[in-house]
**Q** 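Next up is a structure, given as structure tokens.
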Amino acid sequence: MTVVSNTSEALNSPYTNALEHMLAETRAHALDSSVTEIDRLAIAHDASHYLLVPAGIVRPDSAEAVADIFRAASAFNLPLTFRSGGTSLSGQASGDGLMVDTRRNFKKIEVLDGGKRVRVQPGATVMAVNNMLAPYGYKLGPDPASWSACTIGGVVANNSSGMSSGTEFNTYNTLESMVFVLPSGTVIDTSAPDADARLRALEPGIHEGLLRLRKRVVENPESVARIRQQYSMKNTMGYGVNSLLDYSTPVDILQHLLIGSEGTLGFVASATYRTLPILKFVSTGLLVFDNLLDATRSVPELVANHLATVELLDATSIRVAQRTGQAAEALAAIDVREHAALLVEFQGNSEQELTDLALSAAPMFDALPVVSPVTMTSKLSERNALWAARRGLYTTVAGNRPTGTNALLEDVVVPVDVLGTTCRDLTALFDAHGYQDSVIFGHAKDGNIHFMLNEQFRDAKQLGRYREFTEEMVQLILEADGSLKAEHGTGRIMAPFVRRQFGDELFEVMREIKRLIDPKGFLNPGVVLAEEDTDYATDLKVAETVEEEVDRCVECGYCEPVCPSKDLTLTPRQRIVLRREIAAAEANGDTKLAERLRQEYEYYGVDTCAVDGMCVTRCPVLINTGDLVRRLRAENQDALGAAGWKFASKHWGTIDKVAGKALTAAKMLPFPVVRGATDIGRKLFGEDLVPAYKKGLSAGGAPRVPHAEANPDIVFFPACVNAMFGGVDGEGKHDPVNATQAFIRLCERAGVKYRVPEGIDQMCCGTPWKSKGYTDGYSIMSDRVLKALWQATDGGRIPIVCDASSCTEGLEVMRAKVAAALEHKITHGLGAGEADYAQLKLIDSVQFAADTLLPKLTVSAPLPSLALHPTCSMTHLGVQPAFEKIANAMSEQVYVPKNWGCCGYAGDRGMLHPELTQSATRAETAELNEHEFAAYISSNRTCEQGMTEATGHTFQNVLQLLERATR
């Protein structure tokens, strides 16, 4: 019988008692661990369609700690599963025993031999590793599409490949050595000269058993032939038994068996890769064919002519891309019937190499049965437009699926010569089972295709449809001598089909490998190997319909690496899945669980969210979890706070001045007195209303005043944050020339005329009200600011420049949202004249300084070195390149931390919850403190304050330093 997971039942894990005893009686209790409901439910979700709630979570910090956990889990018969990035699609990162979270503490990256090698721990993302390697001109071989979120632990565990890595550059073929921990607790470093001798001495049974299994395989011609055929293509089904043919030494065999073993044989504590040189010159083209067969028949010739990438788009994929309205012209022009397209790329070390490749391939291109002549482009904008169709498929299909359904992304591989007929037959299966808008795309040069379908597991009839489709799909792929998994891993979904794919003999070899290395079978049970009668439709995830932001989420976790609260409370994915869990508890009648989760969610999900919106920059379905949190704050706003902030919006000029004077006065008083006063206020009125005074806070700034010049070039909107907080010098002492004063001096020095609107002291970008959910106050402020700016800009003619990046973003959001609301009113005959607010033009001061001021200035006092902290607002506004341009004009040594991210200060959030900033900046702080710099800069006063508190170095505004450097 099929069981669809029920949260209330799943929380009652059969392993709870065993876990409690383990944590109480072993050294594991000293590690970061949790058995709370909210933590267990948050980590239970990944991108797969399975849901198993762990009995508890432990976060080790070393290979030795993992070894202790292994010994303890084995002794207490506690099943154990690893979790890192959680982007897994096949259920391999779900378990109902102990969840070992390796994402938080295993992030070290060491570049070796000038980038030719790199040693990486499992919690580091592929993107982070490649960012470290890029300055050396190298990259990793594996290039999965989820590279921004997937971690090295998952890449090794699944033997991930990607767009252009094929089998040649996957982990199996580019990994040089690893440090692994066996279920017994034995730790082996395979780079050591005596690694095999150490394995033989510490694990004689494994050492001898691997030699015996190798002999068994090598001496069986049928096994050898089957392995050679299966591993001539991408293949992540079962264990990598090709290692029994490719290697003769037990430690080498074991190292390569661990690759792709999905955490069922041991733990890889670090992996050392041989890297690939980055080919910086690329040209891209789109080949459109009348049908799939013509397209796929062309693949061998394309590969023979050195096309590095050959990506397939079927007819449905093209239609879906066209519906977005953003498809490249070549795609948009197709009158789609049975068409198919191949996205192809040449890659080289120089323009000449690209030219030579294109000339060599020209006769082949001319002979192809394409709909239109082949053209290749190296222009980035045109290349991005072509790639948008391929990259946007997941977004479009998953983001527009019916609520309550799961988006399933599967992958298979077949020999290239039968790829076309396989795609045709797979499309027929979609039609036969009523799967609409199911797309086929993927890595055609490898015969590796992905397909997407949406399914509702709550409905028994649709669940039956899913079973029937799966059985027919399995038969189709295996009859074509393909593999049911090419790069996503076997997981739970395909584990019951391993025997059918490899045959009885090799399946028994795989079972013996598992018994040999993990005799108790406690590592990730149910994954990789399972009997054919195992029900792969058990513990399926039901997506509750909750709210618009939540319902679109596919739980992929792409958002998590950029979230400032990821190591403190919850990530955006977890904020969303817990909304689903609360809804599920209510639907199941478990009101007590729902209420407990709601209460804890207040701090975990709402109070400690920086609402910085960085999550939307990585989300494939464009969810800004900050919008969800702002709405929740608005719905549950504190009456006292709402009244206070509404009052503030009406009297902002007074509030702004009083705040600045209060900060100035506070600097004159003993710190304990001021801090004591705010501590009392926090106890009386709440920690989310009263900020804690910090010793490093600056004195107040100068008040904002109107300014009028004839024929101004810009309207200057000085941010109120710079009136509240004064500037600081490099030693943290008060500097009267803060960002506002510096910008004014720079304009005067460059001959730029500016106007400051009347009533500026009453204006704010509205971010404090918006982020806190105080909608009444935000509405009052928005109306005032937009009317004043419309008048000051002569009806939108003059651009507006703001001197704080987060405030520029706030004004842009205000303009766009109010304009949208007014435009909606127009349909009802209201507010027609005010809809022109959409024409207001906003420029951040960083961009304006780089584009307009810098060319008119002379840097007379350069700095020896600069450390930069980009901000989340810079990312949203796209001004980080301008920030770096200014820095490079002031110094020859400019350093942007690889680990930079949102500081979590979020206006006053860092003063309300200092633990958020402390957690958010930990990695960046460690990186910055490895060096000394002459100055540290950012572009927003509160972000500068947050980074000052975090690093111990005084951060100043980039405009301040530019003003000093150009005196």
Side-chain angles (χ1 to χ4, degrees), residues 1-10 13-14 44-54 79 81 88-97 236-238 262 264 398 401-412 426 429-430 432-436 438 450-478 483-485 488-501 507 524-545 554-556 577 580-581 584 587-588:
M1 167 154 180
T2 298
V3 179
V4 176
S5 61
N6 177 297
T7 297
S8 301
E9 294 176 3
S13 170
H45 291 253
D46 64 10
S48 77
H49 48 287
Y50 291 94
L51 182 62
L52 289 158
V53 181
T81 300
S88 56
L89 292 160
S90 304
Q92 59 265 60
S94 297
D96 58 359
T236 58
M237 276 288 279
E262 301 177 29
T264 64
R401 72 192 188 282
T403 61
T405 64
N406 290 308
L408 278 64
L409 180 61
E410 292 294 352
D411 85 306
V412 295
L426 188 56
L429 283 183
F430 293 150
H433 293 283
Y435 286 115
Q436 298 179 346
S438 291
H450 302 313
F451 61 87
M452 282 188 66
L453 51 88
N454 298 321
E455 191 55 276
Q456 165 59 273
F457 292 127
R458 190 191 301 278
D459 183 272
K461 184 177 179 181
Q462 290 184 308
L463 188 56
R465 172 180 73 162
Y466 171 67
R467 284 181 179 281
E468 292 172 4
F469 168 82
T470 300
E471 294 293 335
E472 292 179 32
M473 182 272 294
V474 167
Q475 183 178 349
L476 171 66
I477 301 305
L478 295 185
S483 174
L484 297 169
K485 283 292 175 182
H488 290 176
T490 309
R492 297 179 180 279
I493 183 170
M494 287 300 155
F497 302 103
V498 173
R499 182 192 292 271
R500 200 183 307 183
Q501 179 168 316
F507 182 72
N524 216 3
V527 171
V528 177
L529 297 183
E531 296 299 334
E532 290 191 20
D533 59 356
T534 301
D535 190 356
Y536 60 85
T538 296
D539 299 309
L540 297 177
K541 183 164 57 184
V542 173
E544 296 291 337
T545 298
V554 292
E555 302 183 12
C556 63
V577 300
R580 286 178 172 163
E581 290 293 0
N588 295 328

**Q** Verify side-chain hydrogen bond (donor to acceptor under 3.5 Å, both in side chains) between His45 and Glu581, making sure each step is shown before the conclusion.
**A** CA-CA 10 Å; His45 291 253; Glu581 290 293 0; 2.7 Å; yes
**Q** For Arg499, give me all partners under salt bridge (Lys or Arg N to Asp or Glu O under 4.0 Å), at least two apart in sequence or on another chain.
**A** Asp504, Glu508, Glu531
**Q** Under the rule for salt bridge (Lys or Arg N to Asp or Glu O under 4.0 Å), what residues qualify as partners of Glu471, not counting sequence neighbours?
**A** Arg500
**Q** Among all residues two or more places apart in sequence or in another chain, which pass the salt bridge (Lys or Arg N to Asp or Glu O under 4.0 Å) test with Glu555?
**A** Lys541, Arg580
**Q** State the CG-CG distance between Leu408 and Leu89, to the nearest 0.5 angstrom.
**A** 9.0 Å
**Q** Hey, could you give me the CG/CE distance between Leu478 and Met473, rounded to the nearest 0.5 Å?
**A**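 Leu478 atom CG to Met473 atom CE measures 9.0 Å (nearest 0.5 Å).
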**Q** Atom OG in Ser483, atom CD1 in Ile477: separation rounded to 0.5 Å?
**A**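 Interatomic distance, Ser483 OG to Ile477 CD1, rounded to 0.5 Å: 9.0 Å.
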**Q** So that I can tick it off, tell me whether Arg492 and Glu262 are bridged by a salt bridge, with the cut-off set at under 4.0 angstrom between side-chain N and carboxylate O.
**A** no
**Q** Please check this pair: side chain of Thr405 against backbone of Glu455, looking for a donor-acceptor N/O pair closer than 3.5 Å.
**A** no
**Q** Could you please spell out the steps behind the side-chain contact (heavy atoms from CB on, under 4.5 Å) verdict for Asp535 and Arg467?
**A** CA-CA 10 Å; Asp535 190 356; Arg467 284 181 179 281; 3.0 Å; yes
**Q** Begin from the C-alpha positions of Gln92 and Thr490 and carry the test side-chain hydrogen bond (donor to acceptor under 3.5 Å, both in side chains) through to its verdict.
**A** CA-CA 8 Å; Gln92 59 265 60; Thr490 309; over 6 Å; no
**Q** Using the ring of each side chain (for Trp, its six-membered ring), is Tyr536 parallel, tilted or perpendicular to Phe497, with breaks at 30° and 60°?
**A**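 It falls in the tilted class, 30° to 60°.
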**Q** Could you pull out all residues at least two apart from Phe507 that satisfy ring pair (Phe, Tyr, Trp, His ring centres under 6.0 Å)?
**A**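 None.
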**Q** Just by modelled atom types, is the Gly489 backbone N or O under 3.5 Å from a matching donor or acceptor in the Thr236 side chain?
**A** yes
**Q** Check side-chain hydrogen bond (donor to acceptor under 3.5 Å, both in side chains) between Glu410 and all other residues, then give those that pass, not counting sequence neighbours.
**A**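 Result, side-chain hydrogen bond (donor to acceptor under 3.5 Å, both in side chains) vs Glu410: Lys485.
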**Q** Could you grab the distance from atom CD of Gln456 to atom CG of Leu463, nearest 0.5 Å is fine?
**A** 9.5 Å
**Q** Are the side chains of Pro54 and Thr81 in touch, meaning some heavy atoms are under 4.5 Å apart?
**A** no
**Q** Could you please spell out the steps behind the side-chain contact (heavy atoms from CB on, under 4.5 Å) verdict for Val498 and Val528?
**A** CA-CA 8 Å; Val498 173; Val528 177; 5.6 Å; no
**Q** What residues, two or more places apart in sequence or in another chain, satisfy side-chain hydrogen bond (donor to acceptor under 3.5 Å, both in side chains) together with Glu472?
**A** His433
**Q** Working to the nearest 0.5 Å, report the span between OH of Tyr50 and OG1 of Thr538.
**A**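 Here the rounded value is 8.0 Å.
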**Q** Take Met494 and His488, measure what side-chain contact (heavy atoms from CB on, under 4.5 Å) needs, and give me the verdict at the end.
**A** CA-CA 11 Å; Met494 287 300 155; His488 290 176; over 6 Å; no
